[in-house]
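Below, chain A is the first sequence line, B the second, and so on; all start at residue 1.
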Number of protein chains: 2
Amino acid sequence: MKKNEEFVQSVNPKGQKSCDSFHNTIEFIGKRWMGIIIYHLLDGPKRFFELSAEIEGISDRLLTERLRDLEAHGLVMKNQSDPKVRKVEYELTPKGKELEDIIQAIFEWVKKNGCCYKE
Amino acid sequence: MKKNEEFVQSVNPKGQKSCDSFHNTIEFIGKRWMGIIIYHLLDGPKRFFELSAEIEGISDRLLTERLRDLEAHGLVMKNQSDPKVRKVEYELTPKGKELEDIIQAIFEWVKKNGCCYKE
DNA sequence: TTTTTAAGATTACTATTAGTAAGCTTGTTT
DNA sequence: AAACAAGCTTACTAATAGTAATCTTAAAAA
């Protein structure tokens with residue numbers, strides 16, 4: 001990839017360089033557990049305990065924190081139809097669903113190149 | 001993306017589930033500075049001080065640490081033609097170069113959806 | 001030839017983020 | 001009424017990141 005200088009230098013509505021946007025974005029979705037949470041949400045709305053059960057090893061504390069992060073960035077929305085009923089579902093927003101291409105690209109890479117194991 | 005159960009359950013040569021491989025990989029390339037270092041290496045071999053100058057804000061300590069990480073995972077190689085001359089170049093391996101599709105997918109997402117700003 | 005400078009690190013220490021474990025609140029089940 | 005479960009929150013420990021200073025060696029400058 002030759003760097004697209006026009007893009008690298010360009011500035012987004014928040015006044016950040018697009019290069020910084022890339023930086024922030026990759027690190028945001030690369031935070032611990034973030035990617036795997038997004039991945040699990042790609043097949044539809046899920047409840048807290050469902051995510052908690054599917055994602056082996058995550059703690060409630062971090063799952064809550066990550067879901068709040070995702071909400072705050074407009075990637076996930078919470079739908080609690082009746083606030084009196086304790087049924088909360090987390091669902092990707094359209095912006096969140098568009099992350100699928102990234103997730104897909106990582107899967108492809110892993111299939112072809114093997115994984116980046118943890119040290 | 002409907003989950004491909006065959007893939008999710010499958011096991012790689014290191015005995016990890018492919019799903020774990022995805023998890024490790026996204027978190028590895030999402031470590032702080034990692035993505036931006038990979039991005040800057042995509043346009044060719046670079047020396048330590050070049051990376052250090054291009055990547056605003058990174059410290060020598062973290063740049064060294066990340067380059068060692070990348071080397072250990074076979075994504076970057078060091079070429080120091082003559083060990084007596086202090087000229088060290090860092091270059092993506094073929095496996096590292098294949099990360100381009102992921103980087104590209106993130107750029108596309110950012111162009112379309114705006115960035116994940118830092119809190 | 002001595003002095004200075006620069007590359008490519010390492011070390012020591014502080015601050016931020018993650019992990020572990022327990023507990024809280026309110027509705028539902030027994 | 002007691003026990004349980006969902007969805008959090010709090011307190012504390014461990015790991016990772018950030019800041020800053022220092023080190024080594026080769027080459028350039030004086």
### Message
Contact between A:His23 and B:Trp33 at the side-chain level, heavy atoms closer than 4.5 Å - yes or no?
### Response
yes
### Query
Could you give the CD1-to-P distance, from B:Ile58 to C:dA9, as a whole number of Å?
13 Å
### Task
Whole angstrom is fine here: how far is it from NZ in B:Lys46 over to P in C:dG8?
14 Å
### Query
Looking only at heavy atoms, what is the nearest atom pair of A:Tyr117 and B:Ala72, with distance?
OH-O, 3.0 Å
### Query
A:Arg61 near the nucleic acid: base, sugar-phosphate alone, or nothing, with a heavy-atom cut-off under 4.0 Å?
base
#### Entry: Opening and closing nucleotides of DNA chain D in contact with chain A, under 4.0 Å to non-hydrogen atoms
D:dA5 to D:dT16
### Task
Go through B:Glu65 and B:Arg61 one step at a time and tell me if the salt bridge (charged side-chain N to carboxylate O under 4.0 Å, His left out) criterion holds.
CA-CA 6 Å; B:Glu65 200 167 303; B:Arg61 178 167 120 31; 2.6 Å; yes
## Note on the structure
In whole angstroms, the gap separating P of C:dG8 from CD1 of B:Ile55 amounts to 14 Å
### Option among A:Leu42, A:Asp69, A:Ile55 that satisfies the side-chain contact (heavy atoms from CB on, under 4.5 Å) test with A:Ile37
A:Ile55
### Task
Calculate the interatomic distance between B:Glu89 atom CD and C:dG8 atom P; express it in whole Å.
9 Å
### Task
Quickly work out the A:Glu56 CD to C:dG19 P distance and round it to whole Å.
15 Å
### Query
If you look at every heavy atom in A:Glu27 and B:Met34, which pair is closest and at what distance?
OE2-N, 4.2 Å
### Along DNA chain C (nearest heavy atom to each residue), the more 5'-positioned of A:Asp60 and A:Lys31
A:Lys31
### Residue pair B:Lys95 / A:Trp109: nearest heavy atoms and the distance that separates them
O-NE1, 3.2 Å
### Task
Whole angstrom is fine here: how far is it from CD in B:Glu50 over to P in C:dA6?
16 Å
### Task
Would you please classify the geometry between the B:Phe22 ring and the A:Phe107 ring as parallel, tilted or perpendicular, with 30° and 60° separating the classes?
parallel
### Task
Please state how far atom CZ in A:Phe28 lies from atom C1' in C:dT17, giving the value in whole angstrom units.
15 Å
#### Entry: d(CG, B:Leu51; C1', C:dA9) in whole Å
14 Å
### Message
Measuring to OP1 and OP2 of C:dA6, would you say a side-chain N or O of B:Arg47 lies under 4.0 angstrom away?
### Response
no
### Query
Do the side-chain N or O atoms of B:Lys87 get closer than 4.0 angstrom to the phosphate oxygens (OP1, OP2) of C:dA6?
no
